[in-house]
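We number each residue from 1, following the sequence as shown.
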Amino acid sequence: MKVETNTQKLAHVGIFTALGVILGTISFPVGPAKVAPFQHLINVITGTLLGPWWASLTAFFIGILRISLGVGTIFSIPGGIPGAFTVGLMYKIVKNDWAAFSEPLATIFIGGALSSLLFGPLINIHKGVMWFWVAFAPSTLVGTTLGFLILKALRKMEVIE
């Protein structure tokens, strides 16, 4: 098994951040949020390949850049980071691509709760926790499934181990 240096991981963070920002332009408005399924796809891939901390850093950068470019909202932060971290952590534990499906649990329940209770009030948006759970669910389920399928394809083509 090949061991990556921090410099290599940082380079991967940059590449996946750029990809996430570009793909993040494809989003769907759901109330005050802009849900982006490709963020969750990136979370699955980076969580699996880079681990929880580097995946979280990637999700944070994507969120900040999407907000700065006007293609994302403040909900990009809590909607991305918990899923990325959870996939990375679960992959370390189970060592199986099925860890990808921990992404929706974290995004919906943790990200939704953070959005409702912490981030929403910061910008005077008062939606209930359940509202964010329902809003985030389709995006994360689609993105996670696509990310899982891409991981499987990359492994089959022997692009990744």
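Residues P82 and A106 share a closest heavy-atom pair of O-CB, 3.4 Å. Minimum heavy-atom separation, V87 to V44: CG1-O, 3.8 Å. Here the shortest heavy-atom pairing between P121 and S116 reads CD-O, 3.2 Å. The two residues A99 and S102 have their closest heavy-atom pair at O-OG, 2.7 Å. Closest approach of N96 to Y91, counting heavy atoms only: O-CD1, 3.3 Å. Closest approach of F132 to G112, counting heavy atoms only: CB-O, 3.6 Å.
Within 6.0 Å of the NZ atom in K92, the count of heavy atoms belonging to other residues, nucleotides or ligands does not exceed 12. Surrounding CZ of F109 are more than 12 heavy atoms belonging to other residues, nucleotides or ligands, all under 6.0 Å away.
Judged by distance alone, with hydrogens and angles left aside, the side-chain atoms of Q8 form a donor-acceptor pair with the main-chain N or O of T5 at under 3.5 Å. In this structure, the side chain of S76 engages the main chain of T73 through a donor-acceptor pair within 3.5 Å. Between the side chain of N43 and the backbone N or O of A59 there is no donor-acceptor pair closer than 3.5 Å. The backbone N or O of F136 sits nowhere less than 3.5 Å from a side-chain atom of S139 that would complete a donor-acceptor pair.
Atoms CD1 and CD1, from I77 and I67 in turn, are 4.5 Å apart once rounded to the nearest 0.5 Å. Atom OG1 of T48 is separated from atom CG of L151 by 4.5 Å, given to the nearest 0.5 angstrom. Taking CG of L41 as the reference point, atom CD1 of I150 lies at 4.0 Å (rounded to 0.5 Å). Taken to the nearest 0.5 Å, the NE2 atom of H40 stands 11.5 Å off from the OG1 atom of T145. For the atom pair CG (L50) and CG (L57), the distance works out to 10.0 Å, reported to the nearest 0.5 Å. How far CH2 of W131 is from NE2 of H126: 13.5 Å, rounded to the nearest 0.5 Å.
Counting only N and O atoms by type, the side chains of T46 and H12 include no donor and acceptor under 3.5 Å apart. Side chain to side chain, E103 and T86 fail the donor-acceptor criterion of an N or O pair below 3.5 Å.
Under a hydrophobic-cluster definition in which Ile, Leu, Val, Met, Phe, Trp and Tyr are linked whenever side-chain heavy atoms come within less than 4.5 Å, directly or via other members, I22 and V71 are assigned to different clusters. Cluster membership for F101 and F38, using ILVMFWY side-chain heavy atoms within less than 4.5 angstrom, is not shared. Grouping the Ile, Leu, Val, Met, Phe, Trp and Tyr side chains by contacts below 4.5 angstrom, directly or via other members, places I160 with F16. L49 and L146 fall within a single hydrophobic cluster, where Ile, Leu, Val, Met, Phe, Trp and Tyr are joined by side-chain heavy atoms under 4.5 Å apart, directly or via other members. In terms of hydrophobic clustering, with Ile, Leu, Val, Met, Phe, Trp and Tyr side chains grouped at heavy-atom distances under 4.5 Å, V142 and L149 are assigned to different clusters.
Between K127 and I125 the shortest side-chain heavy-atom distance falls below 4.5 Å.
Taking the ring centroids of F119 and F75, they lie at or beyond the 6.0 Å cut-off.
Aromatic ring orientation, F85 versus W53: perpendicular (interplanar angle above 60°, classes split at 30° and 60°). Aromatic ring orientation, W98 versus F148: tilted (interplanar angle from 30° to 60°).
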